[in-house]
Structures are given as structure tokens and as C-alpha cells.
Engineer: 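Once you've had a glance at the structure underneath, I'll fire off some questions.
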Amino acid sequence: MSYCTKERACSDLAKPPVNEPREPEQFLMQAPQGNPLLLSHTLQELLSKDSVQVELIPEKKGLFLKHVEYEVSSKRFKCSVYRRYNDFVVFHEMLLQKFPYRMVPALPPKRMLGADREFIESRRRALKRFINLVARHPPFSEDVLLKLFLSFSGSDVQNKLRELVQGVGDEFMTCRLATQAKDFLPADIQAQFAASRELIRNIYNSFYKLRDRAERIASRAIDNASDLLIFGKELSALGSDTTPLPSWAALNNSTWGTLKQALKGLSVEFALLADKAVQQGKQEENDVVEKLNLFLDLLQSYKDLCERHEKGVLHKHQRALHKYSMMKKQMMSATVQNKEPESVEQLESRIVEQENAILTMELRNYFSLYCLHQETQLIHIYLPLTSHILGAFVNSQIQGHKEMSKVWNELKPKLSCLFVGSSNMPTPPLSPPEGNFFSS
């Protein structure tokens with residue numbers, strides 16, 4: 001079966017019934033048993049929800065621009081689909097529209113012109129982190145948006161995503177517990193929110209510095225590989241030198257010939273050392289730096305959520321209260337001035353509408369805090385990832401030094417012929433002499 005045939009087959013099985021009539025009841029999230037505010041997931045449970053690979057596929061050249069496409073493969077849905085960056089953008093927009101009170105990770109920038117290979121690879125890694133965080137997020141992982149994005153193989157995936165959200169309403173409108181959220185919140189929720197926000201801000205700052213240092217360590221390993229390779233090539237070039245010896249150096253002709261033969265063969269070991277250093281650097285990029293970036297993306301999405309809460313629903317609630325206060329003042333003024341009954345009735349009607357708007361804003365505010373409480377728990381569920389990252393770093397260092405030490409030890413016996421004394425007996429220096437090398 002060809003790739004396209006398999007893709008269509010798995011898409012047909014996994015594709016949500018986009019065009020079928022749906023009852024509103026389908027969209028209502030089921031209330032969990034016990035206290036619905038508390039999450040019972042472990043880190044391993046979240047990580048095992050899905051593993052999504054995002055790989056570059058060969059560029060397709062349009063009339064004016066090169067279009068980068070990605071092969072997105074989901075282990076959970078057992079499907080591979082093609083996606084472009086703009087598909088990710090629409091998916092991200094629909095997630096924010098449907099789940100405004102949840103942590104929706106940010107997308108990497110688009111960068112229209114001058115996208116070099118380094119930028120494209122960096123964006124691929126970022127998209128992979130994004131889709132894996134989304135695929136492992138409890139509400140997102142069970143939503144039809146994710147299922148369609150990871151399994152639908154048609155060319156109009158963006159329209160299908162928009163259709164799924166159109167007319168449905170956000171999570172506040174579809175969650176059974178939305179209007180009861182206040183009942184599940186602790187009395188000091190505002191103080192807890194402020195403390196959690198400060199804690200996670202500090203954690204973010206520390207992990208940002210850790211990521212920066214980890215990048216430098218991995219980069220140094222790759223730079224070290226380059227230096228070792230050049231070092232070995234220079235030794236080889238020295239050993240391959242064909243410049244004839246001057247007559248006054250003829251007495252040492254045999255010594256120089258022996259040295260050249262030994263130097264020429266050392267490039268193999270130095271090339272192997274360079275290869276080991278590159279492997280260590282790449283491993284630390286994948287297992288340490290990328291995991292730190294994943295956690296930073298999650299922490300940043302929490303910071304963004306806190307900002308949306310303050311600038312969004314909280315600000316709208318305060319603005320609605322202010323508008324209500326102004327209306328009440330107008331009502332009092334109209335009563336005192338004995339205005340026409342019709343104008344007073346219109347004002348009363350507007351006040352009732354505003355009271356309903358304020359009630360809705362209050363309910364949304366509490367639901368936003370309810371979701372924030374759960375998202376804070378989710379951050380803490382991810383915190384043990386720190387031990388995974390440190391373990392990967394330590395193991396990489398141990399394995400890298402062990403493999404390089406083995407090559408160095410194999411290289412050492414080959415140096416014996418380089419150290420020949422006046423009696424033509426090998427005298428390799430086993431350790432540096434005391435004091436200054438050039439002292440008498």
C-alpha cells in the first residue's frame with residue numbers, strides 16, 4: 001500500500017464527522033468524579049498520551065516563494081499527515097478561541113523572507129514542542145480539534161478546523177461546571193494565584209539560564225570536535241610534508257622520517273575523537289537543551305495565560321462594573337429630574353442588561369481562575385521533568401568522557417616513537433615536569 005493510500009485510510013478512520021449534525025450535548029465536557037478542580041495525572045501519564053514527530057519534507061517551489069512542509073506523525077492516531085506553517089497558525093487560533101482560559105503554547109515566528117536552514121530547523125523543533133505539549137494537555141488531547149489536525153489528510157484542513165469551532169462557543173459555554181466554578185475554588189484563590197504566578201516566574205528565569213548554559217556546553221562540544229579534527233589534519237599534513245631536508249640536517253634524517261610516519265597516522269584517532277565530541281554535543285542538544293526548551297515553552301504559556309486573565313476577563317469585568325455604575329447614576333439623575341417614563345424605562349432595561357453582563361463576567365472570571373488553578377497543577381506535574389533533564393545531562397557527560405577516554409588511551413601507545421633520546425631509546429614523558437617547562 002502506498003504512503004498516500006495509507007494516509008487516506010487512517011484519515012478516514014480518525015477523521016471527526018465534521019459535516020454531520022451535532023447536538024449541543026456532545027460538546028459538554030463530562031464532570032470527573034470527586035473534586036473536579038484537582039488533577040490526578042502523573043508526568044508519565046501525560047508523556048504517554050502521544051508522541052508526535054515533525055519532520056521536514058523536500059521543499060516545493062512556487063512561482064515566487066519556497067514553501068516548507070512538514071510531515072506530522074502521531075503515535076496515538078497511527079497517522080502521518082502533511083502540514084504547512086499556516087495550518088499550525090489556524091490550529092493555534094482555534095485552540096485559543098475554544099480554550100481561552102488554558103495554556104496554549106506559542107508558535108515560533110513565521111519570517112517570510114531570508115529563512116535559512118538554521119531558522120527552518122529551529123522552527124521545526126519549536127513546532128514539534130508545540131504539538132507535543134498540546135497533544136499531552138488533558139482537555140486538548142480529548143478534543144476533536146487535535147484529532148482532526150493530526151489525522152485529516154484533505155487539502156482544506158484550515159476550513160475544517162474553523163468549522164469545528166464555528167457556532168460552538170468556548171470552553172465556558174460547553175463545560176457543565178462553568179457556572180459552578182466558584183464553589184470549587186479555595187477562599188484565598190486570589191492570593192494563591194499571585195503566589196503561583198511569582199513562583200513560576202522565578203522558575204522560568206532559572207530554567208532560562210539553565211537552557212542558556214546547556215546550549216553553550218553543547219556548542220562547546222561541537223566546537224571542540226572541529227578543533228580536534230583540524231588538529232589531526234595538521235598533524236597529518238606535517239607527516240606528509242615532502243620538503244627535502246637540508247644537508248646540515250642529514251644526521252637526523254632517520255629521526256625526522258620516523259616522526260613523520262608517526263604523525264601521519266594520528267589523524268585517524270583525532271578524527272574519531274572529533275566524531276565522539278560531535279555525538280556528545282548533538283545528544284545534549286536533543287536530550288537536554290530540547291527538553292529545557294519544552295519546559296520553557298510550557299512555563300511561557302502559563303505566563304501568557306496569566307496575562308490574558310488580567311487583561312482579558314478581569315479587565316472586562318471591571319469595565320462592565322464601571323459602566324453599570326455610570327448607568328445607575330444616570331438613573332438617579334433621571335428620577336430626580338422627572339424625565340419621560342419611556343426614557344426611564346429604556347434606562348432601566350439597559351441597567352438590567354448590564355447586570356446580566358456583569359453576572360456573566362463574574363462567572364467567567366471564576367471559571368478563568370478555576371482553569372488557572374488546574375493549569376498551575378499541570379505545571380507542577382511537569383516539574384519532575386527536571387530530574388529527566390539532569391539525568392540525561394549526567395549520562396551524556398559520563399558516556400562522552402568514557403568514549404573519548406578510551407580513544408585517548410588507545411592513542412597514547414602510538415606516541416612512544418615520537419619521544420626518542422640520544423640513545424635512540426623511547427622516552428615518553430609520563431607526566432609534566434615540576435616548575436616551568438623552560439626553566440634550567
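Remember, predicted model here, so these are calculated numbers, not experimental data.
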Engineer: Only pairs at least two apart or in different chains count here, so list each side-chain hydrogen bond (donor to acceptor under 3.5 Å, both in side chains) that has a residue in residues 262-271.
Structural biologist: Glu269-Lys414
Engineer: Quick one: list whatever passes ring pair (Phe, Tyr, Trp, His ring centres under 6.0 Å) with Phe172, sequence neighbours left out.
Structural biologist: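 Partners of Phe172 under the ring pair (Phe, Tyr, Trp, His ring centres under 6.0 Å) test: Phe367.
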Engineer: Sequence neighbours excluded, which residues qualify as side-chain contact (heavy atoms from CB on, under 4.5 Å) partners of Asp275?
Structural biologist: Gln279
Engineer: Using side-chain contact (heavy atoms from CB on, under 4.5 Å) as the criterion, list what pairs up with Lys282, not counting sequence neighbours.
Structural biologist: Ile222, Val278, Glu285
Engineer: What residues, two or more places apart in sequence or in another chain, satisfy side-chain contact (heavy atoms from CB on, under 4.5 Å) together with Thr386?
Structural biologist: Phe207, Leu390
Engineer: Throw together a table of side-chain donor-acceptor distances under 3.5 angstrom for residues 132-142, partners on residues two or more places apart or in other chains.
Structural biologist:
residue: Asn132; atom: OD1; partner: Val52; partner atom: N; Å: 2.9
residue: Asn132; atom: OD1; partner: Arg136; partner atom: NH2; Å: 3.3
residue: Asn132; atom: ND2; partner: Val52; partner atom: O; Å: 2.8
residue: Asn132; atom: ND2; partner: Lys128; partner atom: O; Å: 2.8
residue: Arg136; atom: NE; partner: Asp50; partner atom: O; Å: 2.9
residue: Arg136; atom: NH2; partner: Asp50; partner atom: O; Å: 3.2
residue: His137; atom: NE2; partner: Glu375; partner atom: OE1; Å: 2.8
residue: His137; atom: NE2; partner: Glu375; partner atom: OE2; Å: 3.4
residue: Ser141; atom: OG; partner: His137; partner atom: O; Å: 3.2
residue: Ser141; atom: OG; partner: Pro138; partner atom: O; Å: 2.9

Engineer: For residues 177-188, run the donor-acceptor check on the side chains, cut-off 3.5 Å, and write out each pair with its distance to 0.1 Å, sequence neighbours left out.
Structural biologist:
residue: Asp188; atom: OD1; partner: Gln192; partner atom: NE2; Å: 3.0

Engineer: List for me each residue that meets side-chain contact (heavy atoms from CB on, under 4.5 Å) alongside Glu118, sequence neighbours excluded, and say none if there are none.
Structural biologist: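 Partners of Glu118 by the side-chain contact (heavy atoms from CB on, under 4.5 Å) criterion, ordered by chain and then number, come out as Asp116.
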Engineer: Per the side-chain hydrogen bond (donor to acceptor under 3.5 Å, both in side chains) rule, what does the pair list look like for residues 211-221, sequence neighbours excluded?
Structural biologist: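 Qualifying pairs, neighbours excluded: Arg211-Asn293.
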Engineer: Sort and list the pairs that fulfil salt bridge (Lys or Arg N to Asp or Glu O under 4.0 Å) and have at least one residue in residues 386-396, not counting sequence neighbours.
Structural biologist: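 Qualifying pairs: none.
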Engineer: Could you pull out all residues at least two apart from His92 that satisfy side chain to side chain donor-acceptor pair (under 3.5 Å)?
Structural biologist: none
Engineer: Kindly state each residue pair satisfying salt bridge (Lys or Arg N to Asp or Glu O under 4.0 Å) with at least one member in residues 385-409, sequence neighbours excluded.
Structural biologist: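 Qualifying pairs: Lys276-Glu403.
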